[in-house]
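Please read these numbers as outputs of a predicted model, since none were measured by experiment.
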Amino acid sequence: QICIRSSNHGSKYSKEKIMRLLIESYGDVRVFKDRSLIGLPRYIIESIDPDFGFRHTKVFSAVWYNRKTVLEIAKEMQNEF
């Protein structure tokens, strides 16, 4: 699954498009993979608090974290909720 998100941060000139590949989903915790602006791969863990609906985002560089480690972190986050 590919998630394409377009965001405009208050300026009509600063529009960016982000394409993320959904790697795994654990309930309210989702793990994506994409590339930074300079082309380095990274993993993004997004979680939604089930009680209040707050979104939490954590970004991990694939240079330092491998897929297995990021998925373990996501499973731990899912167990916290």
Side-chain angles (χ1 to χ4, degrees):
Q1 181 179 5
I2 297 176
C3 174
I4 299 176
R5 184 171 70 184
S6 178
S7 62
N8 191 350
H9 299 288
S11 172
K12 62 182 178 179
Y13 300 110
S14 65
K15 193 166 189 178
E16 68 176 12
K17 292 191 179 186
I18 302 169
M19 183 160 43
R20 294 180 173 172
L21 179 66
L22 179 64
I23 302 294
E24 198 70 46
S25 180
Y26 303 108
D28 292 329
V29 179
R30 299 183 298 174
V31 180
F32 296 96
K33 184 175 183 183
D34 72 351
R35 294 199 176 262
S36 67
L37 292 175
I38 58 174
L40 294 175
R42 62 186 177 181
Y43 293 100
I44 293 100
I45 298 177
E46 286 187 354
S47 60
I48 301 172
D49 188 340
D51 296 330
F52 301 105
F54 296 124
R55 290 184 174 262
H56 305 279
T57 304
K58 293 185 178 183
V59 180
F60 299 90
S61 174
V63 174
W64 302 107
Y65 295 91
N66 61 17
R67 180 178 177 157
K68 181 181 174 184
T69 305
V70 172
L71 291 177
E72 288 174 0
I73 294 169
K75 285 180 187 176
E76 290 174 7
M77 287 178 64
Q78 194 268 336
N79 290 334
E80 290 175 5
F81 291 121

Q) Could you walk me through whether Y26 and L71 pass the side-chain contact (heavy atoms from CB on, under 4.5 Å) check? A) CA-CA 10 Å; Y26 303 108; L71 291 177; 3.9 Å; yes
Which heavy atom of [X] sits nearest a heavy atom of [Y], and at what distance?
X   : Y   : result
V59 : R42 : CG1-CD, 3.8 Å
R67 : Y43 : CB-OH, 3.4 Å
A74 : V31 : CB-CG2, 3.5 Å
F60 : V70 : CB-CG2, 4.2 Å
D34 : M19 : CB-O, 3.4 Å

**Q.** Hphob cluster co-occupancy, W64 + I73, side-chain heavy atoms under 4.5 angstrom
**A.** yes
Q | Sole residue of M77, H56, R20, K58 in side-chain contact (heavy atoms from CB on, under 4.5 Å) with E46 | A | R20
What's the spacing between [X] [atom1] and [Y] [atom2] if we round to 0.5 Å?
X   : Y   : atom1 : atom2 : value
N66 : E72 : CG    : CD    : 8.0 Å
I23 : F32 : CD1   : CZ    : 9.5 Å
R30 : I45 : CZ    : CD1   : 12.5 Å

Q: Take S47 and D28 through the test side-chain contact (heavy atoms from CB on, under 4.5 Å) and record every step on the way to the result.
A: CA-CA 6 Å; S47 60; D28 292 329; 5.7 Å; no
